[in-house]
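Residue numbers start from 1 in every chain, and the chains themselves are labelled A, B, ... in the order their sequence lines are given, proteins ahead of strands.
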Amino acid sequence: MSVTSASPSHDRPHWLALDRLGVLITLILLSSFLLPFALFRANRILLGDGLPLLASMQPVAASVLLLALAFGVGAALLRLPALIKLAAGFGVLTILFIAMGLSAETLMPADNNYARVSPAAGFWVLVFGLALLVTDALTRLRLGPWTRIGILLGVCGAFWALLWSGLWNELSILKEYANRAPAFWNEARTHLLLAFGSVAIAAIVGIPLGILCYRVRPVRAALLNILNIVQTIPSIALFGLLIAPLAWVAANVPGAKASGISGIGVAPAVVALFAYSLLPIVSNTVVGLLGVSAPAVDAARGMGMTWLQRLVQVELPLAFPVILTGIRIVLVQNIGLTTIAALIGGGGFGVFVFQGIGQTAMDLVLLGAVPTVVLAFAAAVVLDAFVELTSRGGRRA
Amino acid sequence: MIEIDSIVKTYEGVPVVDAVSMTIQPHTICAVVGTSGSGKTTLLRMINRLVTPTSGTIRIDGEDIRGIRPYELRRRIGYAIQGHGLFPHWTVAQNIGAVPRLLKWSKADISARINELLELFQLDPSQYRDRFPSELSGGQQQRVGVARALAARPNILLMDEPFGALDPVIRAKAQEDLVAIQQRFGTTVVLVTHDMEEAIYLGHNIAVMDAGKLLQFAPPKQVIGRPATPFVQELIGTSERPFRLLSLSKIADHLEDGDADGDPLPATATLRDAYSELLWSGRSAAPVEKDGRLVGRVSLDALARLAARPQ
Ligand SMILES: Nc1ncnc2c1ncn2[C@@H]1O[C@H](COP(=O)(O)OP(=O)(O)OP(=O)(O)O)[C@@H](O)[C@H]1O
Ligand SMILES: [Mg+2]
């Protein structure tokens, strides 16, 4: 510090300089005041009235939130250490979330279970601006994989505490949840099963296929081309396309129907998700194996390893980070895609999304969409951390 | 004994190794030299079947290697590849223990062998055993690569430019170590290098290759004194010839009776070292000592005779 401030061109302290991304974040945060903070509706499908921040909550709560936001703007604008920016971002986000809950409690009329209060555009813009502050700070900190997983767990814990405290119970999305809690957990289970199950099957089939492509060159081009074509079929079309053949299988193959196969439902959903997962896994396996350092493979051959020993002891371990990257891509993709499986009766969070669209009830759509996004995001963070852990030349952190 | 019998390797019709025949005697070092791309690596890799010859046969102790399963053949032959080729995800100990593990040695034997080799190459086992290759210097990686090739005490050792990345001091040390190991265990070594100096120092025989052809296969003295072709002569370096010849013998082998002034020279030094020292100190002769006793002298006149082209 003293060195920087001693240089003639800087007579101000280093941290007083403006942070460029901070200016953008400030503009985003300020623009939120042009938009309504909360939305009040007399019932769940009516269009509602947007309320500005100051009209959304008690003056005390509003002033605390405004103060916190001013603090957040300061942290964003100045060139402070990333750790301070991170703490500020998380702190202001927490206050914002608490304020949203308080706002719902204030706005909900007593003894009226039909009215709905939900976050409006202004709230989302604030969340976006603060999320930008947090992610920028996280990127600058270059945290290790375990720290990143730790932060993810911390954030999940904070959210769980927020929901458990009942502070958000008056918010529309939780009203929708309260009405269908058993169904929610049921669909959550189906969603996880579909997303993780299809990726697991794809890995079990795809990695050996990738090994085959690696070892038998003529197979490589042919198989990768076929999988490429599958990948280009629009997802809804693929789900639809599978209805007819699976219905035929169910009707004509003895025992198929008994084991749960039919034109609609879980079976076509799993098949379609599996089909989409195959290309990234197979191609990443091939790319990973081809990328294994040639001298290492050569040395393995030269010392007399059989092809299986070479594969298991040298090639697969060295290709593993790339293969894991393929699995990460597919898992995040499938957590999202599984939503569409609801269209053909596959279940999952998509059920709420499509019901919500049908009833023009946005809160219900969110009940399906928000957990999906959170799941996909968490999966990405965890698997990215694993990829990093495994790609340090085998070194333990 | 390795018998290479009119071996040919062509890639897309172009011969890369062209009708090479030579017999490498057991317990000797054969240094293969030649310019880049002359087929040295290819020739070496045909010995352990990493490359399949287009025609010709190779026999080891009389047995055609085509009759031996490749992986079994390779476990019997140590191979230090060009650039160390260590497994980046394994520790130094795991790397060195690789072949003994394939041969199903006991854990204790493998561990003892790893320590023995690390000590041989002056890498403290307690410090280096558990390091990963990325945590070693280039020279240390290369030494571990050679240690790995030696791990299962092979009778035959193939080395492809094993000392390329070493600085002159460590390189000289590694060369001495190789000679010591070779003499102690009687290993048959085929060593590829493009450093003529190294070939002369290490090789009992030198094989000179150019464009896939074997130009000369003979002891160093003969390669220096009677180069088979102008190319071989060029490779040796015309102006270097007398000095290379001197570097082949030790003072001890050419002692003269008598005495001389000044500091004595060790009998184990090469004639080249003696010549250099005499010129530098401005003397025409120097005393020679062995085990702390003066045993004779070495003179410029005698050296000049020994440096002349052999008749
Ligand atoms: N798999 C291959 N396919 C086609 N050509 C090859 C192959 N391997 C080697 N060659 C060619 O064979 C020739 C000899 O190669 P080799 O590796 O034996 O040379 P080298 O004498 O070891 O050279 P260097 O000193 O650079 O290591 C080169 O021209 C090379 O391009
Ligand atoms: Mg080579």
Side-chain angles (χ1 to χ4, degrees), chain A residues 142 144-146 207 210-211 214-218 284-327 383 385-397, chain B residues 41 44-51 68-92 94-104 130-136 141-142 144-152 154 156-161:
Chain A
R142 295 172 190 279
W146 288 115
I207 294 175
I211 294 170
Y214 166 66
R215 294 201 64 85
V216 190
R217 200 179 268 267
N284 271 52
T285 306
V286 176
V287 170
L289 288 170
L290 287 175
V292 172
S293 97
V297 176
D298 203 42
R301 249 155 55 85
M303 70 174 52
M305 287 191 181
T306 62
W307 75 267
L308 192 63
Q309 287 168 330
R310 212 162 71 222
L311 187 69
V312 173
Q313 298 184 31
V314 179
E315 291 167 327
L316 280 179
L318 288 177
F320 188 67
V322 183
I323 299 177
L324 198 59
T325 307
I327 291 179
L383 281 173
F386 281 165
V387 169
E388 203 178 311
L389 278 176
T390 52
S391 53
R392 303 180 158 189
R395 209 185 320 163
R396 283 159 290 276
Chain B
T41 298
L44 194 73
R45 289 161 68 88
M46 285 193 280
I47 298 175
N48 65 0
R49 292 190 63 181
L50 280 174
V51 171
I68 311 171
R69 281 210 197 97
Y71 66 88
E72 280 171 3
L73 177 73
R74 291 174 197 152
R75 286 174 194 179
R76 280 168 35 188
I77 299 179
Y79 179 42
I81 78 170
Q82 193 167 2
H84 55 80
L86 295 176
F87 301 134
H89 60 308
W90 283 2
T91 61
V92 165
Q94 286 171 314
N95 266 290
I96 295 179
V99 184
R101 242 191 337 273
L102 290 175
L103 293 171
K104 306 207 161 44
D130 297 324
R131 288 215 194 167
F132 286 91
S134 60
E135 298 164 329
L136 301 176
Q141 290 172 343
Q142 224 167 25
V144 173
V146 176
R148 180 173 69 177
L150 285 168
I156 296 175
L157 181 58
L158 309 179
M159 308 176 93
D160 201 344
E161 299 187 26

**Prompt:** Quick one: what part of B:Arg76 sits under 4.5 Å from any heavy atom of chain A, side chain, backbone, both or neither?
**Reply:**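 Contact with chain A: none, neither part.
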
**Asked** At a heavy-atom separation under 4.5 Å, does B:Tyr79 approach chain A through its side chain, its backbone, both, or neither?
**Response**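 When you check distances to chain A, only side chain atoms of B:Tyr79 fall under 4.5 Å.
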
**Message:** Tell me if a side-chain donor or acceptor on B:Arg74 pairs with a main-chain N or O of A:Met303 at a distance below 3.5 Å.
**Reply:**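 Between the backbone of A:Met303 and the side chain of B:Arg74 there is no qualifying donor-acceptor contact (under 3.5 Å).
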
**Item:** Residue pair B:Arg45 / A:Arg301: nearest heavy atoms and the distance that separates them
**Value:**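 Heavy atoms of B:Arg45 and A:Arg301 come nearest at NH2-NH2, 4.2 Å.
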
**Asked** Which heavy-atom pair separates B:His89 from A:Leu318 by the least distance, and what is that distance?
**Response**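 In this case the closest contact between B:His89 and A:Leu318 is ND1-CD2, 3.5 Å.
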
**Prompt:** Listed by chain and number, what are the ring-ring contact (aromatic ring centres under 6.0 Å, His included) partners of B:Phe87, not counting sequence neighbours?
**Reply:**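 ring-ring contact (aromatic ring centres under 6.0 Å, His included) list for B:Phe87, sorted by chain: B:Trp90.
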
**Request:** Select one option (side chain, backbone, both, neither) describing which atoms of A:Ala294 are under 4.5 Å from chain B's heavy atoms.
**Result:**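 It is neither, since no heavy atom gets under 4.5 Å.
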
**Prompt:** What pairs with B:Gln141 under side-chain contact (heavy atoms from CB on, under 4.5 Å), at least two apart in sequence or on another chain?
**Reply:**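 B:His84, B:Leu86, B:Leu136.
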
**Asked** Is atom CZ of B:Arg69 surrounded by more than 12 heavy atoms (other residues, nucleotides or ligands) closer than 6.0 Å?
**Response**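 For B:Arg69, atom CZ is not crowded (no more than 12 foreign heavy atoms under 6.0 Å).
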
**Reported CZ-to-CD distance for the pair B:Arg101 and A:Gln313, which is rounded to 0.5 angstrom** =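 Here the interatomic distance stands at 6.5 Å.
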
**Prompt:** For chain A, which of B:Leu102, B:Leu158, B:Val99 has the most heavy-atom pairs under 4.5 Å?
**Reply:**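 Between B:Leu102, B:Leu158, B:Val99, the count favours B:Leu102.
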
**Request:** Report, by ascending residue number, the residues of residues 305-312 of chain A in heavy-atom contact with chain B at a distance under 4.5 Å; give 'none' if the set is empty.
**Result:**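 Listed by number: A:Met305, A:Thr306, A:Gln309.
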
**Item:** Residue pairs, two or more places apart or on separate chains, that pass side-chain hydrogen bond (donor to acceptor under 3.5 Å, both in side chains) and touch residues 317-327 of chain A
**Value:**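 Output for this query is empty, none listed.
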
